[in-house]
There are 2 protein chains.
Amino acid sequence: MVTIKDIARESGYSVSTVSRVLNHRRDVSPAAKKKIEEVVAQYNFVPNNNAKHLKQSISKTIAILVKGTSNMLFADIVEEMQRMIEKTEYTAVIVYLDELDNEVQQAIQICWERKPLGLLFLGGNPDYFKEEFNKITIPSVLVTNQGAQLGFENLASVATDDIAAAECAIDYLIENGHQEIGIVGGDIDKSHTSAQRYEGCIRSFKKHHLTYDPASSYGRARFSFEDSYRAMGELLKKNQKLTAVFAMSDVMAIGAIRALKDHGCDVPKDISVIGFDGITLADYYNPKLATIKQQYKLLAKRSMEILMYQIEFKRAAVHEVIPFELVAGESVGRL
Amino acid sequence: MVTIKDIARESGYSVSTVSRVLNHRRDVSPAAKKKIEEVVAQYNFVPNNNAKHLKQSISKTIAILVKGTSNMLFADIVEEMQRMIEKTEYTAVIVYLDELDNEVQQAIQICWERKPLGLLFLGGNPDYFKEEFNKITIPSVLVTNQGAQLGFENLASVATDDIAAAECAIDYLIENGHQEIGIVGGDIDKSHTSAQRYEGCIRSFKKHHLTYDPASSYGRARFSFEDSYRAMGELLKKNQKLTAVFAMSDVMAIGAIRALKDHGCDVPKDISVIGFDGITLADYYNPKLATIKQQYKLLAKRSMEILMYQIEFKRAAVHEVIPFELVAGESVGRL
DNA sequence: CTGTTAGCGCTTTCAA
DNA sequence: TTGAAAGCGCTAACAG
């Protein structure tokens, strides 16, 4: 392997000068720059990032921690963030974690190894934050989860109001004449997001003086097509009176719709379905999904802006709520 | 930050002994092991991977390079591979690249930095391999692309026969009475996979003595819903006689179907559509997608096995073709 | 503008 | 079974 030393020897300059050229510093003579760049190209030299990061105390890096590989909303947000970061002098490090991983622990390790200037959490479990986020001192933003109540000075948040949004979804179903409503959602004890959305549902039921029986009308599932399909099938057996279903993600809604069709129910003629997230696919599905659209571009934009403000102007961490949109789609019918 | 030195000092042992414990070596006394592990836990010590990899000459690591973040087939394959690697003593490093990035250059850097024992390429451009794969000497497997003709001794491949599969798709359309067939696919000059699939199409047309005019019947698009939607719309204007469309990926097929519906065409009544890949979503879509299913689990399994054989038994790189399956679905109608 | 020098945190001989 | 010491490749003072 060719190292910086080899380049120094071959170019006739010292390692420090080579290092300077490599890092685009301007205190190098054009001649040195030219010569060194030639040698670098000739030897196809690639610097070793381990050594670089081991030594470097800071780097113009933003780390993005994405929780859940198959979360299509996050995929859309990450793409948008990358596009934004590319235009700046910063570099993005993207780390994908399993839904179950501890994102805060991972973040600590990343801080330790890559010394980023800021952190962006796509999804996160408040419990993990309570436990050890205090070990993180750099500016951070929690995206799609509200973080105000956590009370960390360096943790901002940009999120949709999950409670209000879920309430809106159920309102919409009720406005359309539905009274027997099923819910397909995550594990309320383990997923904070699911718990929030569940609370929104309950609020709507209460407001409309409807009773809701989780035992017969809540289908717990992971956020995947397959598991939502299973949950919907079970729900159908437990409660034959259902006329509408709220799924806590669009992916779940699609799994549920497939289950309904396979059981001979038409959507929306027999049973209505409304999803959550507003991923690109929702518009491409048949029927077009009724859904609560999280404005992913705005979520991405504001998160980055708030992070940059914290980093560059040492502004305080703020907690911003991004408005959601109800998308009517074609999957909800009037009763 | 707490380093290995701190642990050494606090535990009363030397850094080398701590290092041994950290790496689960057996030449340490139980007493030392116990004491050091206690201190590590107490201080919440996390080793710095930069330093570790900088020094370590090999690691039980397999690197997976994934080309295209939003490729749903790859997502399925990666998940399967991770599941397999978890059961072994190896660790996976997964790197997501843009569709346009040079995966071989990235791989060289990763070898240099992480010293993996093997490489798995999900998708790849043969041109990049011809250019500099010779710089890579560790066992590697090219997944979903055939690599036999590249002729590298350390590069195996596990792939679907794209030519035969695409030919099969067109055959199926023709068998169902279609003669005016459109294609929505990638850039044949830049995407080797697209070129292969295109060749399969042409073979089928020739075999059936049909003429195909790319100018009026080929819609070039990126592998996304949106771009395929656009391409299908244009195709519809250029050629009103189309009765069927072959899309080079399921994502493209879905984009095309949406475009058709928005132009008032029913699928499959007015126009039939067949996709490619057989992603999970294909089964959940309405209509269920007719598609060429790549057996992603088998692709993942054989790739890993072949790589392991190369690494552990120094077996030669083999080139394996995984059979595809035609899934009838509901999106192709008989004319 | 350039070179010398001292580490970053860890692994790995080599001796003891 | 343990410890001392020599770097891995690079950056960042500091001095020239």
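Letters go in sequence order (proteins before strands), and every chain restarts at 1. A quick note: this is a predicted structure, and the numbers were derived from the prediction, not measured.
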So, is A:Arg25 near the phosphate of C:dC1, with a side-chain N or O under 4.0 Å from OP1 or OP2? no

Salt-bridged, A:Glu80 to A:Arg83, with N to O below 4.0 Å? yes

Whole-Å distance between D:dA15 P and A:Asp27 CG? 17 Å

Quick one: is A:Thr17 getting a side-chain N or O under 4.0 Å of the C:dG3 phosphate, OP1 or OP2? yes

Rounding to an integer number of Å, can you tell me how far B:Tyr43 OH sits from C:dG9 P? 17 Å

More than 12 heavy atoms of other residues, nucleotides or ligands under 6.0 Å from OH of A:Tyr128: is that the case? yes

Using whole Å, what does the distance between atom C1' of nucleotide D:dT1 and atom NZ of B:Lys34 come to? 18 Å

Rounded to the Å, how far apart are A:Lys35 NZ and C:dG3 P? 14 Å

To the side chain of B:Val15, which of C:dC14, D:dA13, D:dA5 is closest? D:dA5

Under 3.5 Å, is there a donor-acceptor pair between the B:Ser16 and B:Ser19 side chains? no

In whole angstrom, what separates A:Ile7's CD1 from C:dT2's C1'? 18 Å

For a quick check of understanding: with a heavy-atom distance under 4.0 Å over all strands, which category does B:Ser19 fall into, base, sugar-phosphate or nothing? base

Between A:Tyr96 and B:Tyr96, how do the two ring planes meet: parallel, tilted or perpendicular, split at 30° and 60°? tilted

Phosphate oxygens OP1/OP2 of C:dC10: is one of them under 4.0 Å from a side-chain N or O of B:Asn49? no

Check: A:Ser16 side chain, C:dT4 base, donor-acceptor under 3.5 Å: yes

Please enumerate all protein N or O atoms sitting under 3.5 Å from an N or O of nucleotides 6-9 of chain D, with distances to 0.1 Å.
from: D:dG9; atom 1: N2; to: A:Ala51; atom 2: O; distance (Å): 3.3

Whole-Å distance separating the NE2 atom of A:His53 from the C1' atom of C:dG9: 15 Å

Any donor and acceptor pair, going by atom type alone, linking the side chain of B:Asn48 with main-chain N or O of A:Glu113 inside 3.5 Å? no

Could you tell me the separation between the CD1 atom of B:Ile36 and the P atom of D:dT1, rounded to a whole number of Å? 13 Å

What is the distance, rounded to the nearest whole Å, between atom OH of B:Tyr13 and atom P of D:dG3? 7 Å

Taking everything shown except A:Lys115 itself, do over 12 heavy atoms lie less than 6.0 Å from its NZ? yes

May I ask you to decide whether B:Arg302 forms a salt bridge with B:Glu305, counting only side-chain N to carboxylate O separations under 4.0 Å? yes

